[in-house]
Amino acid sequence: MSYSRYTGLSRNRRGADIPLLNALFFPAALLYHELLLRAFDRSTPFFDLALLRIVLFSIAAGLVIALILDLLPWKTAGRIAGGVLLGLGAVLFCVERGCRATFNLYYGVTFMGGMAGDVAGGFGSTVVQVVVGMIPFILLSLVPLVLFILLRYSVVPEEGSENPVRIILTAVLVACQLTAYLLSSLGPVSSYYTYEFTANTAIPHFGLLTSIRLELEYAVVGVPAPSLDDFIDDPVDTPAVGPAQGESAPPSGSPDPDASSRPVPTGPNTLDIDFEGMAEAETDETLKNMHQYFANVIPSEKNQYTGMFEGKNLILITAEGFATPAIDQELTPTLYKLSHEGFVLNNFYQPDWTQSTCGGEFAVTTGVIPSWVKSEYGNLAAQASIEKSMPFTLARLFAAEGYSVPAWHNGEYDYYKRDQYLTNFGYDYAGCNGGGLELPYNGWPRSDLEMMEATADSYIQDCVDNGTPFHAYYMTISAHGPYNFSGHNMAIKYQEAVQAKYPDLSEPAQAYLACNMELDRALEYLVDKLEEAGIADDTLIVMTGDHYPYMLVEDGGPDYYNELRGFEDTDDDTSRYRNTLLMWSGAIEKPIEVDTPCSAIDIVPTLCNLFGLDYDSRLYSGRDIFAANYQADQYSNCMPLVVFANKGKGNAWITAAGTYECSTGEFTPNEGVEVDESYVSRVKRLVAAKVNYAKLIIQEDYYAHIQKLYQ
């Protein structure tokens with residue numbers, strides 16, 4: 001027996017002994033990739049407890065590969081397999097780095113695989129820009145592969161290790177994996193390892209390789225479920241009614257010219273659903289918990305705005321990348337008009353939900369928190385809902401009242417499978433590139449104005465000629481990033497005007513303002529058409545963004561969004577998502593100020609109340625913004641609540657009492673408000689409940705059970 005074989009030393013082809021290189025190379029290579037990804041991620045601290053977990057998981061995973069290749073009798077095949085694994089690994093780490101740099105998010109491999117074709121087809125030029133910007137990372141990620149090619153005969157030697165060496169390596173593998181598992185599943189980040197798992201939360205805490213392993217594991221066995229009954233509040237007989245300590249006055253302004261002559265409706269916004277009876281009769285434990293949870297949710301109360309727009313028209317717009325800095329009295333006068341002359345919501349937010357445009361659109365159109373749900377159509381909530389029952393969307397509710405419900409998108413009609421989920425929501429949908437919407441300009445990005453010119457006349461004229469009320473929906477694209485004057489044709493169109501007014505702004509900031517001028521002209525056209533037809537007073541226009549313009553933020557680089565906002569820097573979890581919700585009608589005589597904290601998930605229940613629709617407020621994640629049955633200084637599961645998506649630090653939130661920043665773990669009460677010592681922990685539990693039950697609504701097809709029993 002040779003000395004090198006007995007000691008586990010390996011001998012390369014030229015005869016140089018390299019001690020244990022076959023055992024150390026792959027753990028070192030995998031750890032190198034993980035540390036490289038972490039080092040380039042400027043939004044994640046490099047040195048914290050997560051680093052220990054990543055080191056341990058990487059060593060364990062690398063030893064698994066090393067032992068498998070060591071046991072293979074076909075060494076040439078083993079070397080090829082080792083090279084392929086390192087090559088694929090480099091690609092995966094580069095793709096994740098690209099996602100982080102572009103969207104400030106990490107995505108799961110199944111999601112990226114499903115979206116690859118859409119991204120290549122719809123955003124090919126953007127992909128090229130991202131790749132060019134990642135050249136240093138790409139070159140560094142290839143180092144392990146190059147070293148392996150040079151040292152392949154030493155890393156995978158002809159002579160395998162002795163069994164004692166294999167036993168020692170296996171013991172080290174088990175010790176590392178077990179320690180990392182205990183640190184992950186029993187510690188403060190255990191929820192991200194189990195029931196709150198997403199790639200975006202898992203990668204910073206456990207590394208990319210562990211995230212992929214968990215994703216594949218949960219694809220087979222399912223994501224672990226939390227103890228749902230822990231989230232159920234005790235029944236409350238009489239909800240608190242404001243205003244109270246520290247609470248702002250009710251919305252001010254004139255609701256409509258006939259408001260004084262209308263009686264104020266009273267009573268809860270509910271349907272005749274016997275949740276308690278359903279819970280008693282249910283044998284499935286998950287559904288039983290869901291029935292009990294919704295039974296104990298306090299419904300919102302009718303109010304002075306209930307039925308304000310009953311029988312009138314609604315135009316709902318989810319505007320790509322729209323945020324408050326786009327509103328400029330000179331450059332975007334229509335945006336300025338609509339944001340200052342209707343309902344003025346001073347504390348509105350649009351969280352990013354970690355799902356980009358699709359998540360924002362889902363929140364706006366369903367009133368449900370977007371979640372990650374495993375399905376054959378994709379893991380985004382909107383995609384997972386494609387074959388689920390969605391009877392409580394605006395399209396379904398308005399169609400039941402005899403409204404026409406058209407919808408349009410001037411981007412790729414089937415991107416995110418939008419054609420399928422909007423159709424399932426009840427819309428008569430059309431989009432570009434084969435989806436039934438033809439526009440004169442087919443470059444990047446398409447024109448919002450041209451979309452309005454091609455579509456608005458149809459439903460407006462039908463309303464005028466036949467008395468058919470409408471609820472029209474638009475998803476825009478003119479203000480999509482990246483923002484520049486080299487390839488963004490909507491920005492180029494208005495470049496001169498923006499640079500004349502703001503010559504000192506950076507090019508990305510200028511381009512963002514410029515492309516939103518096209519959105520402004522689209523709204524101007526829409527308002528003009530409504531006024532010409534004489535139905536501006538009978539129509540409510542509602543618009544917000546799908547997310548803040550995150551392509552203005554370069555990971556580890558300049559923050560052009562802060563430049564537009566006038567912020568030097570901010571580390572909080574909430575202010576970045578503060579946005580504007582336009583709610584305008586010609587019938588509103590003067591601005592109606594609303595200080596209630598609210599977000600995109602509140603849009604659907606608020607509109608249901610404004611239009612006097614029959615709906616059950618307990619079945620949405622959001623609430624009617626105008627409902628006043630709460631007190632600012634008291635916990636209630638029907639109080640105003642803005643939830644910010646879990647990004648690996650917990651969930652941030654805002655209530656009428658104050659703001660909780662998850663990154664610091666601090667709650668800051670509003671001026672003049674005092675809460676009891678249990679308030680923060682109870683709201684945390686409520687936030688967790690809303691997030692988990694929103695996921696279960698889609699995962700368990702809960703609305704189908706309600707619809708069947710309700711009918």
**Q** Measure up the Tyr703 and Phe392 rings against each other and bin them: parallel (under 30°), tilted (30 to 60°), perpendicular (over 60°).
**A** perpendicular
**Q** Does the ring centre of His205 sit less than 6.0 Å away from the ring centre of Tyr192?
**A** yes
**Q** Testing the basics here: between Gly622 and Asp602, what is the closest heavy-atom pair and its distance to 0.1 Å?
**A** CA-OD1, 3.2 Å
**Q** Can you tell me how far the CG atom of Leu439 sits from the CH2 atom of Trp408, to the nearest 0.5 Å?
**A** 11.5 Å
**Q** Going through the checks in order, is the side-chain contact (heavy atoms from CB on, under 4.5 Å) test met by Tyr107 and Asn200?
**A** CA-CA 6 Å; Tyr107 288 117; Asn200 192 54; over 6 Å; no
**Q** Checking Gln350 against Thr544: is there a side-chain donor and acceptor pair closer than 3.5 Å?
**A** no
**Q** Can we call the ring centroids of Phe398 and Phe470 under 6.0 Å apart?
**A** no
**Q** Does any N or O in the side chain of Asp352 come within less than 3.5 Å of the main-chain N or O of Thr354, such that one atom is a donor and the other an acceptor?
**A** yes
**Q** Establish, from distance only, whether the side-chain atoms of Arg446 and Asn433 form a donor-acceptor pair under 3.5 Å.
**A** yes
**Q** Is there a side-chain contact between Tyr525 and Glu453 in this structure, where contact means two heavy atoms from C-beta onward sitting under 4.5 Å apart?
**A** yes
**Q** Could you tell me if Glu196 and Ser191 have a donor-acceptor pair between their side chains, going purely by distance under 3.5 Å?
**A** yes
**Q** Would a distance-only check, ignoring hydrogens and angles, find a side-chain to backbone donor-acceptor pair under 3.5 Å from Thr102 to Cys99?
**A** no
**Q** For this output row, return yes or no: ring centroids of Trp372 and Tyr218 closer than 6.0 angstrom.
**A** no
**Q** Do Tyr441 and Asn489 have a side chain donor and acceptor closer than 3.5 Å?
**A** yes
**Q** Look at the side chain of Ser356 and the backbone N and O of Cys358, then say whether any donor-acceptor pair between them is shorter than 3.5 Å.
**A** no
**Q** Below 6.0 angstrom between ring centroids: does that apply to Tyr577 and Tyr349?
**A** no
**Q** Quick one: CZ on Arg623 to OG on Ser300, what's the gap to the nearest 0.5 Å?
**A** 7.0 Å
**Q** Measure up the Tyr483 and Tyr512 rings against each other and bin them: parallel (under 30°), tilted (30 to 60°), perpendicular (over 60°).
**A** perpendicular
**Q** Determine the minimum heavy-atom distance between Ala319 and Thr476, stating which atoms define it.
**A** CA-OG1, 3.2 Å
**Q** Is there a side-chain contact (heavy atoms from CB on, under 4.5 Å) between Val405 and Tyr429? Walk through the geometry before answering.
**A** CA-CA 9 Å; Val405 285; Tyr429 168 75; over 6 Å; no
**Q** Please walk me through it: do Ile706 and Leu619 pass side-chain contact (heavy atoms from CB on, under 4.5 Å)?
**A** CA-CA 10 Å; Ile706 296 298; Leu619 290 171; 4.2 Å; yes
**Q** Ile317 and Met452: side-chain contact (heavy atoms from CB on, under 4.5 Å), yes or no, with the steps?
**A** CA-CA 11 Å; Ile317 304 170; Met452 293 299 180; 4.0 Å; yes
**Q** Shortest non-hydrogen contact from Ala694 to Val368?
**A** CB-CG1, 3.8 Å
**Q** So which atom in Met475 and which in Met451 form the shortest heavy-atom distance, rounded to 0.1 Å?
**A** O-CE, 3.9 Å
**Q** What distance separates Leu37 CG from Tyr106 OH, expressed to the nearest 0.5 Å?
**A** 4.0 Å
**Q** Regarding Thr580 and Thr324, do their side chains bring together a donor and an acceptor under 3.5 Å, going by distance alone?
**A** yes
**Q** Set out, in order, the CA-CA distance, both residues' side-chain angles and the distance that settles ring-ring contact (aromatic ring centres under 6.0 Å, His included) for Phe343 and Phe348, then state yes or no.
**A** CA-CA 11 Å; Phe343 289 101; Phe348 176 81; over 10 Å; no
**Q** So, are Arg418 and Glu361 salt-bridged, with charged N and O less than 4.0 Å apart?
**A** yes
**Q** Show the nearest heavy-atom pair for residues Pro204 and Ala199, with the distance to one decimal.
**A** CD-O, 4.2 Å
**Q** State whether Arg100 and Asp41 are salt-bridged, where the test is any N-O pair (Lys NZ or Arg NE/NH1/NH2 against Asp/Glu carboxylate O) under 4.0 Å.
**A** yes
**Q** Side chains of Asn651 and Lys684, heavy atoms from C-beta outward: is any pair under 4.5 Å?
**A** no
**Q** Assess whether atom CD of Glu438 is packed by more than 12 heavy atoms of other residues, nucleotides or ligands within 6.0 Å.
**A** no
**Q** Can you say whether the rings of Tyr548 and Tyr561 are parallel (under 30°), tilted (30 to 60°) or perpendicular (over 60°)?
**A** tilted
**Q** Are Cys515 and Ser478 side-chain neighbours, meaning at least one heavy-atom pair lies under 4.5 Å?
**A** no
**Q** Check whether any side-chain N or O of Asp419 sits under 3.5 Å from a backbone N or O of Ala430 as a donor-acceptor pair, and report yes or no.
**A** no
**Q** Between Thr210 (side chain) and Gly207 (backbone), is there a donor-acceptor pair under 3.5 Å?
**A** no
**Q** Regarding Tyr427 and His471, is there a side-chain donor-to-acceptor distance under 3.5 Å anywhere?
**A** yes
**Q** Distance from Leu540 atom CG to Ile315 atom CD1, nearest 0.5 Å?
**A** 9.0 Å
**Q** I'd like to know if the side chain of Thr357 pairs up with that of Asp546 as donor and acceptor (distance under 3.5 Å, no hydrogens or angles considered).
**A** yes
**Q** Does a donor on one side chain and an acceptor on the other come within less than 3.5 Å for Asp448 and Tyr474?
**A** no
**Q** Within this structure, what is the CG-NE2 distance for the pair Asp284 and His705, rounded to the nearest 0.5 Å?
**A** 7.5 Å
**Q** What I want to check is whether the side chains of Tyr615 and Asn269 have a donor and an acceptor closer together than 3.5 Å.
**A** yes
**Q** Given 3.5 Å as the limit, does a donor-acceptor pair link the side chain of His488 with the main chain of His480, or not?
**A** yes
**Q** Which pair of non-hydrogen atoms, one from Ala395 and one from Gly426, has the smallest distance, and what is that distance?
**A** CB-C, 3.7 Å
**Q** Consider side-chain contact (heavy atoms from CB on, under 4.5 Å). Of Tyr416, Tyr421, Trp353, Phe362, which one does Leu380 pass it with?
**A** Tyr416
**Q** Using a 4.5 Å cut-off on heavy atoms from C-beta on, say whether the side chain of Asn379 contacts that of Val373.
**A** no
**Q** Any side-chain donor-acceptor pair under 3.5 Å between Glu215 and Thr110?
**A** yes
**Q** Please answer whether the main-chain N or O of Thr468 pairs with a side-chain N or O of Tyr459 as donor and acceptor at a distance below 3.5 Å.
**A** no
**Q** Applying the side chain to side chain donor-acceptor pair (under 3.5 Å) criterion to Tyr473, which one of Thr318, Thr365, Asp428 satisfies it?
**A** Thr318
**Q** So, does Ser385 use its side chain to make a donor-acceptor pair with the main chain of Ala382 at under 3.5 Å?
**A** yes
**Q** In a check of side chain to side chain donor-acceptor pair (under 3.5 Å) between Tyr377 and each of Glu387, Lys417, Gln383, which one passes?
**A** Glu387
**Q** Verify the ring-centre separation between Tyr702 and Phe294: is it less than 6.0 angstrom?
**A** yes
